[in-house]
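Reading through the structure tokens given below for one structure.
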Amino acid sequence: MPTANFRPLDVEAIRKDFPIFASTPPLAFLDSASSTQTPHPVVEAMDRYYDTYRSNIHRGIYRISEEATEQYERARQKVAKLINAQRSRQIIFTRNTTESINLVAYSWGSANIREGDEIVLTVLEHHSNLVPWQLLAQRTGATLRFLEMTDEGLLDFTQLRDLLTEKTKLVALTHVSNVLGTITPLQSIIETAHAAGAKVVVDAAQSVPHFRVDVQQLDCDFLAFSGHKMCGPTGVGVLYGKLELLQEMPPFLGGGSMIRAVERDVSTYADLPAKFEAGTPSIAEAIGLGHAVDYLTHAGLEAIHVHEQELLKYAHLRLQDIEGITLYGPAPHQKAGVIAFNIAGIHPHDIAGILDTQGVAIRAGHHCAQPLMHKLGVIATARASFYLYNTTEDVERLCDGLRKAQTLMTRTKGHEKPRRNR
Amino acid sequence: MPTANFRPLDVEAIRKDFPIFASTPPLAFLDSASSTQTPHPVVEAMDRYYDTYRSNIHRGIYRISEEATEQYERARQKVAKLINAQRSRQIIFTRNTTESINLVAYSWGSANIREGDEIVLTVLEHHSNLVPWQLLAQRTGATLRFLEMTDEGLLDFTQLRDLLTEKTKLVALTHVSNVLGTITPLQSIIETAHAAGAKVVVDAAQSVPHFRVDVQQLDCDFLAFSGHKMCGPTGVGVLYGKLELLQEMPPFLGGGSMIRAVERDVSTYADLPAKFEAGTPSIAEAIGLGHAVDYLTHAGLEAIHVHEQELLKYAHLRLQDIEGITLYGPAPHQKAGVIAFNIAGIHPHDIAGILDTQGVAIRAGHHCAQPLMHKLGVIATARASFYLYNTTEDVERLCDGLRKAQTLMTRTKGHEKPRRNR
Amino acid sequence: MNIYQEELLDHYENPSNYGTLPKPDISHEEDNPLCGDRIRIDLVVEDDTIREIRFCGHGCTISQAAASMLTEEIEGKTLAEVKKLTRDDILDMIGIPLGPVRVKCALLALKVLKAGAYGVQGWPGEEDE
Amino acid sequence: MNIYQEELLDHYENPSNYGTLPKPDISHEEDNPLCGDRIRIDLVVEDDTIREIRFCGHGCTISQAAASMLTEEIEGKTLAEVKKLTRDDILDMIGIPLGPVRVKCALLALKVLKAGAYGVQGWPGEEDE
Ligand SMILES: Cc1ncc(COP(=O)(O)O)c(C=O)c1O
Ligand SMILES: Cc1ncc(COP(=O)(O)O)c(C=O)c1O
């Protein structure tokens with residue numbers, strides 16, 4: 001319950017900023033963990049760019065280009081402030097979390113990882129925080145090791161000290177599991193990893209959008225997230241890094257804007273953040289992301305977190321009533337607003353398909369987390385996830401839809417048709 | 001003069017699609033080679049995505065996600081058709097030309113370039129088609145060699161055969177110089193390179209937006225361009241590649257969507273184009289680009305080319321009257337709608353700054369082509385460039401502005417102030 | 001119209017030709033990387049004609065029902081005929097409109113069958129669009 | 001207001017302290033990667049105080065005039081005072097509003113001076129915003 005000194009969300013007012021909820025009945029959109037809706041002020045800010053100061057940044061000596069440059073850099077400042085980065089040049093704009101992590105794997109990884117080194121991951125990781133390290137390991141001869149989870153879906157922190165050896169150069173882990181919702185004990189893990197001499201990359205795709213993340217307090221070395229999961233547009237993501245690390249790292253993508261001087265055979269590279277932003281960046285998208293940060297900050301990240309927690313508790317309660325349901329992951333207070341589940345005898349695809357006919361949008365599949373699926377012993381799950389615009393009404397419609405699916409899919413039980421049996 | 005069977009541009013009507021030209025006097029926007037304006041139908045298509053079917057693609061089993069997937073894939077088909085690619089899966093969506101070229105340099109390059117190999121570039125290249133190859137050469141021990149240009153700013157085609165040896169694995173060159181406007185003799189170069197056993201990467205950032213490019217006719221191996229230079233949004237670019245090459249290439253970025261199956265230590269990769277589109281792509285932007293292709297196709301690429309040629313000839317004529325002006329590059333009929341120039345005694349930055357006060361937007365600087373600047377023996381130039389929405393009126397205003405700059409900057413000639421002289 | 005119509009559910013719950021063959025001439029298996037649905041098809045082929053067929057696997061209603069329908073369709077057909085089957089033939093069998101994700105589910109069995117019929121090496125790959 | 005006002009043009013056309021010093025205690029040179037403007041500053045320093053100063057280079061009105069103004073400003077100042085100069089001090093000297101690209105031109109001389117005064121290694125780098 002909200003007791004701290006913040007304004008609770010005015011969900012009714014918020015929903016008016018999202019045209020997609022204007023239909024009757026409104027879409028029950030429960031797939032924000034995949035990509036969120038985008039509020040009107042964000043779309044409007046991008047339209048303003050396209051309609052009134054459309055131009056490239058950084059090199060234009062005319063008014064609209066200067067305006068574009070200023071708005072683009074202002075977005076960087078807003079993002080820096082959101083996660084409490086010391087300097088805005090520690091914010092690199094990428095396409096998405098995936099590119100941010102690959103940037104670290106290619107640039108920092110190639111310069112720092114050698115044959116025999118070890119990289120510690122967790123069983124919770126999204127493919128985007130796993131495959132880049134597999135590729136790096138293949139390029140360098142390093143080895144991947146995995147932190148397991150307990151039966152409740154929490155990371156098995158006790159194992160960590162055993163996993164960390166003098167060979168460990170890097171720990172890469174998610175802040176919030178996109179399947180189980182598990183909030184990982186990042187602070188302790190980072191301290192332990194640093195004590196062992198390892199750097200830490202945080203996949204914050206599911207945390208930065210939902211509660212306050214402070215990179216200075218966490219003391220993480222790198223942190224990655226996506227604009228499209230936090231009310232921003234598609235096409236823009238963020239990499240935060242510690243200043244010394246980013247400064248020392250070799251470039252990743254080569255091209256315009258990331259250079260200081262280019263000779264035919266060799267170039268010197270620009271200062272941060274330009275060094276890592278080769279070519280024309282996602283200008284409209286970064287500006288949009290800046291406005292998404294404004295939007296979330298105005299609503300209040302504390303209020304958003306509390307709202308999601310309430311929905312989560314409510315949903316856990318209501319879903320437990322559904323016959324044959326299995327809920328995966330820890331108890332509500334240990335997780336963020338994501339619920340993975342299965343219903344006995346119904347394939348998750350069919351659950352999602354039937355819910356769709358009821359105007360309820362959820363995800364079904366492996367959620368880009370196949371190692372976790374193996375661990376859970378399933379091939380796929382259904383998943384509902386919440387954001388600031390969701391209501392208990394959405395939860396009710398989810399539950400109604402699930403009951404409907406059960407009725408539909410079990411309607412012929414016992415009417416086996418021998419013609420098909422051989 | 002337009003004689004072929006196409007409708008000439010209705011520039012008046014076209015300009016109405018660009019809100020930025022609605023002011024009086026309208027902005028004389030002469031920097032489309034850097035980034036073009038974006039017409040209303042493109043912005044509207046993206047707004048429609050954000051307002052009515054905002055969701056992630058490929059894995060959503062609900063209506064709006066299916067709609068997003070369909071629109072995203074339809075954009076791919078439109079782009080494939082525009083450049084006459086055999087299959088739409090040969091179209092990879094990236095952020096921009098720069099990322100497209102880096103993708104080839106990392107993926108194809110790492111698999112195919114060895115120590116001692118040679119990569120042939122030209123002196124015309126934009127940094128985005130130079131620095132990625134420098135980085136590849138540094139990683140592999142390959143060597144870069146350069147095709148020079150003649151005094152008129154044309155590629156010295158006679159040198160090519162000498163440059164191509166059995167060591168040459170790759171020729172990477174631009175289709176149109178972003179500084180001189182030079183249209184390179186791509187067809188002959190590709191034939192010659194292929195005869196020597198080299199693959200060819202084409203930087204088509206300045207060609208695809210302005211005239212019809214046919215990848216099957218050219219027979220190029222890879223071709224890269226940017227959405228933001230062709231009436232599309234920022235944040236999306238294209239890589240085209242031959243099917244066998246793309247299929248054989250190892251992945252570049254690792255993450256969600258580009259996998260077939262992920263184990264803890266090793267993954268198998270998805271079919272094209274997904275293999276090269278890790279993570280959530282630029283969905284709105286690709287959809288916007290699809291509509292930009294519609295827009296350009298509807299206006300007619302032949303008509304656009306003829307219109308730009310007319311402006312170019314007109315501008316050459318009028319600019320030659322300006323005292324002390326130097327125009328760089330070949331004659332109008334050998335180039336695309338780009339004019340680089342300098343005016344004796346005025347730094348290009350100052351030219352651009354003064355033109356800005358007159359509502360004329362041009363670029364000044366090295367245009368991300370420092371080797372070419374060295375070759376021309378200058379540090380920077382001014383540059384005006386044209387697109388379908390420009391008029392002879394814009395050219396007039398450019399010329400008036402240049403005369404104004406001359407008056408301003410030479411007003412104190414002969415009033416030396418000894419106080420400052422030491 | 002509800003996508004979970006009788007016909008599909010019938011095939012899902014009581015699939016035709018479900019199982020494996022002890023000595024198949026052709027056996028191929030694939031999964032849909034987007035969702036993990038998996039199908040294996042075993043064929044006994046004589047004189048280029050499909051004499052026996054079985055499929056097994058797991059997945060949603062659409063992928064499993066499509067596999068069941070497909071096996072019914074092709075029993076007794078020649079491999080040449082199988083190679084001519086198109087995506088539209090399958091979608092016609094399913095008989096209800098599907099979004100792009102579920103289309104992939106529907107086509108999984110055809111993909112497996114074709115890769116098997118051509119031999120995975122010689123298979124020309126999925127048609128574009 | 002026109003950005004090419006008298007004061008700036010004066011400094012551009014007749015720069016103060018233009019040239020090089022034969023035996024500088026500090027000499028540093030940098031360019032603006034965005035446009036190729038280049039400035040070198042030579043200093044003779046005694047008792048931590050700037051006794052002589054010269055700059056040379058090439059570039060637009062703004063970068064060259066800013067360098068000229070800056071050299072006038074700091075002659076006779078201590079290195080400690082130089083280290084305290086901020087971006088706003090320069091923009092005040094220029095006295096007219098500049099967009100972000102031209103701000104980089106304006107600040108090039110200060111950047112060169114500071115990197116020289118701190119020693120390039122010890123230089124804390126450009127301030128954020
Ligand atoms: C010839 C050429 N190549 C490459 C690029 C780089 O394009 P982008 O910045 O969109 O990656 C440009 C754009 O300036 C260009 O003109
Ligand atoms: C935990 C986590 N990491 C990484 C990603 C990848 O994000 P993106 O697709 O934006 O690169 C996601 C999104 O699905 C995620 O949930």
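Below, read A as the first sequence line, B as the second, and so on, with proteins coming before strands; counting in each chain starts at 1. No hydrogens, no waters, no symmetry mates; every other heavy atom, side chains included, goes into these values.
With values rounded to the nearest 0.5 angstrom, B/Tyr106 atom OH is found 10.5 Å from A/Asn102 atom CG.
Considering only residues two or more places apart in sequence or on other chains, B/Glu118 meets the salt bridge (charged side-chain N to carboxylate O under 4.0 Å, His left out) condition with B/Arg145. Residues satisfying the side chain to side chain donor-acceptor pair (under 3.5 Å) criterion with A/Tyr387, sequence neighbours excluded, are absent altogether.
Side-chain atoms of A/Arg260 and A/Ser267 form no donor-acceptor pair, as typed in the model, at a separation below 3.5 Å.
Only the side chain of B/Ser65 comes within less than 4.5 Å of a heavy atom of chain A; its backbone N, CA, C and O stay farther away. When heavy atoms are compared at a cutoff of 4.5 Å, A/Ile64 approaches chain B solely by way of its side chain, counted from C-beta outward. For chain A, the nearby parts of B/Ala284 are the backbone and the side chain; heavy atoms of each come within less than 4.5 Å. Looking at A/Thr280, both its backbone and its side chain come within 4.5 Å of chain B, counting heavy atoms on both sides. Heavy atoms closer than 4.5 Å to chain B are found nowhere in A/Met373, neither backbone nor side chain. In this structure, the portions of A/Ile20 lying under 4.5 Å from any heavy atom of chain B include both its backbone and its side chain. Proximity to chain A (any heavy atom under 4.5 Å) is shown, for B/Ile61, by both the backbone and the side chain. Within the 4.5 angstrom heavy-atom criterion, no atom of A/Thr143 approaches chain B.
Among the residues in residues 120-127 of chain A, those with a non-hydrogen atom closer than 4.5 angstrom to a non-hydrogen atom of chain B are A/Val123, A/His126, A/His127.
Ion pairing between A/Glu285 and A/Arg95 fails under the 4.0 Å rule for side-chain N and carboxylate O. Salt-bridge annotation for B/Lys375 and A/Glu263: absent, with no side-chain N of the basic residue lying under 4.0 Å from a carboxylate O of the acidic one.
Applying the salt bridge (charged side-chain N to carboxylate O under 4.0 Å, His left out) definition to pairs two or more places apart or across chains, those involving residues 26-50 of chain B are B/Asp31-B/Arg363, B/Asp31-B/Arg383.
Under the 30°/60° scheme for interplanar angles, the aromatic rings of B/Phe21 and B/Phe18 are found to be tilted.
Considering all non-hydrogen atoms of both residues, A/Pro348 and A/Ala364 come closest at O-CB, 3.3 Å.
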